[in-house]
Trainee: 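Sharing a structure here in structure tokens format.
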Amino acid sequence: MNLEITSKPSRKDQATVIEGTRNHNQLHTPSDYAPLCIFDRLESGEIIAGLTAKTYWNYLDIAYLWVAEPYRKQGKAPPILKAAENEALRRDCHYAILDTYSFQALGFYKKIGYSEFGELDHFSGTNTRHYLRKRL
């Protein structure tokens with residue numbers, strides 16, 4: 001065995017592992033992976049809020065939902081999340097999953113219909129990572 005441990009992998013090396021995993025998965029599941037991003041931009045083109053996700057296997061898998069500090073508490077996040085859920089439904093998804101940390105937006109997600117199905121504690125010593133889902 002010739003193990004290489006690195007914190008600076010090449011994009012090509014990362015792509016090899018990802019592609020290999022996806023190729024294996026395709027033997028057992030439909031190949032319907034698609035990225036999904038939604039951005040709220042100022043007229044200047046500057047992004048002030050956005051969401052990154054992917055859809056696959058009837059799931060919307062949300063990676064990031066972010067609102068720039070000056071625009072928080074102004075109702076930016078709910079329409080972005082709703083737009084992602086609507087697009088996921090269009091893509092034949094029936095569920096959404098995401099995770100959030102104890103210092104982020106657990107209450108927000110619960111308020112809009114997400115339910116917690118798991119948690120891991122001791123992130124950075126004191127934080128909890130919460131895993132949530134929602135039927136679309």
Side-chain angles (χ1 to χ4, degrees):
M1 198 174 246
N2 186 12
L3 296 178
E4 174 188 351
I5 299 172
T6 181
S7 60
K8 296 181 182 182
S10 71
R11 288 181 191 241
K12 180 183 176 204
D13 289 349
Q14 289 182 75
T16 297
V17 173
I18 293 167
E19 183 178 331
T21 302
R22 287 187 179 149
N23 288 341
H24 172 77
N25 291 349
Q26 288 176 8
L27 298 173
H28 306 280
T29 60
S31 177
D32 62 352
Y33 171 89
L36 172 59
C37 294
I38 299 172
F39 305 110
D40 183 4
R41 296 178 188 265
L42 297 176
E43 287 186 23
S44 67
E46 177 188 356
I47 295 172
I48 59 169
L51 175 143
T52 66
K54 51 192 172 274
T55 58
Y56 58 94
W57 307 344
N58 303 112
Y59 270 85
L60 166 64
D61 187 348
I62 300 165
Y64 297 97
L65 174 59
W66 168 80
V67 177
E69 190 68 40
Y71 300 94
R72 292 184 183 168
K73 308 284 187 203
Q74 294 182 18
K76 296 283 185 187
I80 292 171
L81 196 53
K82 187 64 175 170
E85 292 171 356
N86 288 340
E87 176 61 17
L89 284 166
R90 193 189 69 71
R91 295 180 184 189
D92 201 29
C93 294
H94 306 289
Y95 308 94
I97 56 174
L98 58 84
D99 66 87
T100 189
Y101 292 94
S102 51
F103 58 88
Q104 291 178 324
L106 179 62
F108 164 74
Y109 291 118
K110 286 183 172 183
K111 181 178 176 183
I112 59 171
Y114 283 77
S115 59
E116 188 171 4
F117 67 89
E119 65 178 47
L120 294 172
D121 55 6
H122 303 296
F123 275 84
S124 188
T126 60
N127 299 301
T128 301
R129 189 172 186 176
H130 301 273
Y131 296 87
L132 299 107
R133 65 179 161 210
K134 180 180 182 180
R135 182 165 179 83
L136 300 177

Trainee: Rounded to the nearest 0.5 Å, how far does CG of Leu65 lie from CG of Leu51?
Mentor: 5.5 Å
Trainee: Closest heavy-atom contact between Ala49 and Lys76?
Mentor: CB-CB, 4.4 Å
Trainee: Are the side chain of Lys134 and the backbone of Tyr109 linked by a donor-acceptor contact shorter than 3.5 Å?
Mentor: no
Trainee: Test your reading of the model: is there a side-chain donor-acceptor pair from Thr100 to the backbone of Ala105, 3.5 Å cut-off?
Mentor: yes
Trainee: Would you mind writing out the side-chain donor-acceptor pairs for residues 27-35 within the sub-3.5 Å range, not counting sequence neighbours?
Mentor:
| from | atom 1 | to | atom 2 | distance (Å) |
| --- | --- | --- | --- | --- |
| Thr29 | OG1 | Asn25 | O | 2.8 |
| Thr29 | OG1 | Trp57 | NE1 | 3.0 |
| Ser31 | OG | Gln26 | NE2 | 3.1 |
| Asp32 | OD1 | Trp57 | N | 2.9 |
| Asp32 | OD2 | Trp57 | N | 3.2 |
| Tyr33 | OH | Arg22 | NH2 | 3.3 |

Trainee: Evaluate the side-chain contact (heavy atoms from CB on, under 4.5 Å) criterion for residues Leu136 and His94: first the C-alpha distance (whole Å), next the side-chain angles of each, then the deciding distance (0.1 Å), finally the verdict.
Mentor: CA-CA 5 Å; Leu136 300 177; His94 306 289; 5.7 Å; no
Trainee: With a cut-off of 6.0 Å (strictly less than), are more than 12 heavy atoms of other residues, nucleotides or ligands near CZ of Phe117?
Mentor: yes
Trainee: Please answer whether the main-chain N or O of Asp92 pairs with a side-chain N or O of Asn58 as donor and acceptor at a distance below 3.5 Å.
Mentor: yes
Trainee: Atom CZ in Phe103, atom CZ in Arg129: separation rounded to 0.5 Å?
Mentor: 10.0 Å
Trainee: Do Phe108 and Ile80 land in one hydrophobic cluster if side-chain heavy atoms of ILVMFWY residues count as linked below 4.5 Å?
Mentor: yes
Trainee: Please check if Val67 and Leu106 belong to a single hydrophobic cluster, counting links between Ile, Leu, Val, Met, Phe, Trp and Tyr side chain heavy atoms closer than 4.5 Å.
Mentor: no
Trainee: Quick one: sort the Phe123 and Tyr101 rings into parallel, tilted or perpendicular, breaks at 30° and 60°.
Mentor: perpendicular
Trainee: Is there a path of hydrophobic side-chain contacts, each under 4.5 Å between heavy atoms of I, L, V, M, F, W or Y residues, that connects Ile62 with Ile112?
Mentor: yes
Trainee: Would you compute the distance between atom CZ of Arg135 and atom SG of Cys93 and round it to the nearest 0.5 angstrom?
Mentor: 12.0 Å
Trainee: Crowded around Glu19 CD? As in, over 12 foreign heavy atoms under 6.0 Å?
Mentor: no
Trainee: First locate atom OG1 of Thr128, then atom CD of Glu116, and finally report the distance between them rounded to the nearest 0.5 Å.
Mentor: 8.5 Å
Trainee: Measuring from Lys82:NZ to Ile38:CD1, what's the distance to the nearest 0.5 Å?
Mentor: 11.5 Å
Trainee: Please examine the side chains of Tyr131 and Leu120, heavy atoms only from C-beta on, and report whether any two atoms are closer than 4.5 Å.
Mentor: yes
Trainee: Hey, could you give me the CG/NE2 distance between Asn127 and His122, rounded to the nearest 0.5 Å?
Mentor: 11.0 Å
